[in-house]
Amino acid sequence: MLLSLNCSTAIPTPLYRHLRPSASKCPRFFGQPKIHKPDKPLRPIVSSRGSPTYNLAQHLTKLLHTLVGKTPHHVPNSAGFIDIIKGIELQSSDILVSFDVKSLFTNVPTDEACQITKAVLEQDETLTDRTSLTPDQIHDLLMTCVKSTYFQWRDGYYRQALRTPMGSPISPVLANIFMEDFEQKALGTARLKPKLWLRYVDDTFIIWSHGLENHDDFLSHINRQHPNIQFTMETETSDSLPFLDVLISKKTDGSLAHSVYRKPTHTDRYLNARSFHPPSVKASVNRTLLQRAHIICDKEHLPNELEHLNTVLKENGYKPNKRESLSKHNSQSAQSKDMPIAVLPYIGHTSHKIQRILREAEIKVYY
């Protein structure tokens, strides 16, 4: 199937053997409840792990990932968002607004998104350094992925006729490439433009400086750009607005304060310290929460966040935090990066004995 493409050259044999499916299984459909929304609707997901096109989708994702983020509007994560807003100075008329695309993945027009991806690849001067595939071949492989959207639900088999499925590795990359093209056209044709437009996949943060009477017109403008892409809007409340896991607040001097945001449905329940998991997994609970606090919070909000985490970790059975330094953790990760890896089931003390033996042989163990 993978070699029967309308391309001038065949896929190299080693790559074909890597992408060729083996012992595949049918993708399964399930729903995840959105407990933070009214009536708790289900988020439809097609689990494609192990499907015939899963290896292909993973390979294309790695290949196309470098195409994403080459616009000034791209936000890679919360840390990148914080770095951008640190130097912003607001005027008294500026309003904080967020836009959210309704069901982005299942509304991305696949044919159009693949054509946009092909056009971007044709302008990519580094493509030949990263792969032996041509833009035409990559386009055909993309179409193979997005058109192979069958799945199992209970005792029946179905096919998603349109859009990209949520659950495929390729869907986020295609959605990002499509949205970068979309926002370029939408902003370029807007009568009034936002002071700042930052987007993370389907969530957009903007600073609007043209008054309350005009931001509804801007929402109507971007909703007219494509019949599939429709935004909802949320404006600041009490000079504050959440975006990703960051709560942004206006300060009297015109700068922006930032702290960790938790949805109202958040319970502060984490992996309990008494659970039967490897010590490294339980240590990561403490480390990642602290790391997020130091990355997201400004100096004014950091003490309160650390005090909150100290209380929450105790309630989950953890001892007072020793606060392992991030630099120490990063240096250890760098040292073990090139080590061979062994993946084992965790069975308690025996696992630690095996880990010590493999560590002497310079083999990194994951459970």
Side-chain angles (χ1 to χ4, degrees), residues 1-30 43-70 103-124 126-153 156-182 201-202 226 228-229:
M1 175 181 68
L2 295 179
L3 287 179
S4 59
L5 301 173
N6 298 324
C7 302
S8 57
T9 57
I11 297 177
T13 301
L15 178 58
Y16 169 77
R17 289 175 177 171
H18 171 68
L19 302 181
R20 182 178 57 189
S22 176
S24 302
K25 59 183 181 182
C26 181
R28 298 184 69 89
F29 174 88
F30 65 97
R43 176 183 287 109
I45 297 178
V46 177
S47 177
S48 62
R49 182 176 291 274
S51 67
T53 59
Y54 185 74
N55 289 344
L56 174 59
Q58 278 195 316
H59 179 77
L60 293 174
T61 299
K62 294 178 182 178
L63 185 62
L64 300 178
H65 182 71
T66 57
L67 304 179
V68 177
K70 295 184 178 180
S103 304
L104 174 61
F105 288 1
T106 51
N107 278 304
V108 171
T110 51
D111 291 348
E112 189 175 342
C114 290
Q115 284 294 334
I116 293 171
T117 302
K118 179 183 175 183
V120 175
L121 285 168
E122 290 173 344
Q123 302 298 321
D124 185 10
T126 65
L127 180 63
T128 55
D129 298 330
R130 295 185 285 113
T131 181
S132 56
L133 298 175
T134 66
D136 285 329
Q137 287 178 312
I138 296 173
H139 174 268
D140 288 345
L141 292 173
L142 275 174
M143 295 299 293
T144 300
C145 283
V146 299
K147 297 299 182 182
S148 302
T149 53
Y150 70 98
F151 58 87
Q152 181 180 0
W153 164 244
Y157 293 87
Y158 306 87
R159 178 175 177 268
Q160 182 176 329
L162 299 171
R163 324 294 185 243
T164 58
M166 179 172 284
S168 171
I170 198 63
S171 295
V173 176
L174 269 184
N176 261 312
I177 293 174
F178 175 80
M179 286 303 298
E180 288 183 358
D181 181 77
F182 173 93
V201 192
D202 59 343
H226 199 286
N228 292 359
I229 306 301

Point-to-point distance, once rounded to the nearest 0.5 Å, from [atom1] of [X] to [atom2] of [Y]:
X	Y	atom1	atom2	value
R159	F151	CZ	CZ	10.5 Å
D202	N176	CG	CG	9.5 Å
T106	I45	OG1	CD1	11.0 Å
T53	Q58	OG1	CD	10.5 Å
C145	H59	SG	NE2	10.5 Å
Q152	S51	CD	OG	13.0 Å

Minimum heavy-atom distance between M166 and P44, given as atom pair plus value |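 Distance-wise, the nearest heavy atoms are CB-O, 3.6 Å.
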Least distance between heavy atoms, I138 atom then L60 atom |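 Looking at all heavy atoms of both residues, the closest pair is CG2-CD2, 4.1 Å.
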By side chain to side chain donor-acceptor pair (under 3.5 Å) - contacts of R43 (at least two apart) |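 Checked R43 against side chain to side chain donor-acceptor pair (under 3.5 Å); zero matches.
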Which residues share a side chain to side chain donor-acceptor pair (under 3.5 Å) with Q115, sequence neighbours left out |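 If we apply the side chain to side chain donor-acceptor pair (under 3.5 Å) test to Q115, skipping adjacent residues, the hits are H139.
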If you define the side chain from C-beta out and look only at heavy atoms, does anything of [X] sit under 4.5 Å from [Y]?
X	Y	value
V108	N228	no
L63	R130	yes
S168	F105	no
I170	L64	yes
T66	T126	no

Counterpart residues, side-chain contact (heavy atoms from CB on, under 4.5 Å), relative to T110 (two or more places apart) |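 Scan of T110 (side-chain contact (heavy atoms from CB on, under 4.5 Å), adjacent residues dropped) gives V146, K147, T164.
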Are any side-chain N or O atoms of [X] and backbone N or O atoms of [Y], one a donor and one an acceptor, separated by less than 3.5 Å?
X	Y	value
T134	Q137	yes
T61	P169	yes
S171	P165	yes
T131	L127	no

With respect to V68, which candidate in V173, L174, V201, V120 satisfies the side-chain contact (heavy atoms from CB on, under 4.5 Å) definition?
->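 By the side-chain contact (heavy atoms from CB on, under 4.5 Å) criterion, V68 pairs with just one of V173, L174, V201, V120: V173.
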Exceeds 12 heavy-atom contacts within 6.0 angstrom, atom [atom1] of [X]:
X	atom1	value
H18	NE2	yes
R49	CZ	no
F30	CZ	yes

Which residue pairs pass the salt bridge (Lys or Arg N to Asp or Glu O under 4.0 Å) test when at least one of the two sits in [range], sequence neighbours left out?
range	result
residues 166-179	none
residues 166-182	D181-K185
residues 160-171	none

Which of these passes salt bridge (Lys or Arg N to Asp or Glu O under 4.0 Å) with K118: D111, D136, D124?
->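 For K118, the salt bridge (Lys or Arg N to Asp or Glu O under 4.0 Å) test succeeds with only one of D111, D136, D124, which is D136.
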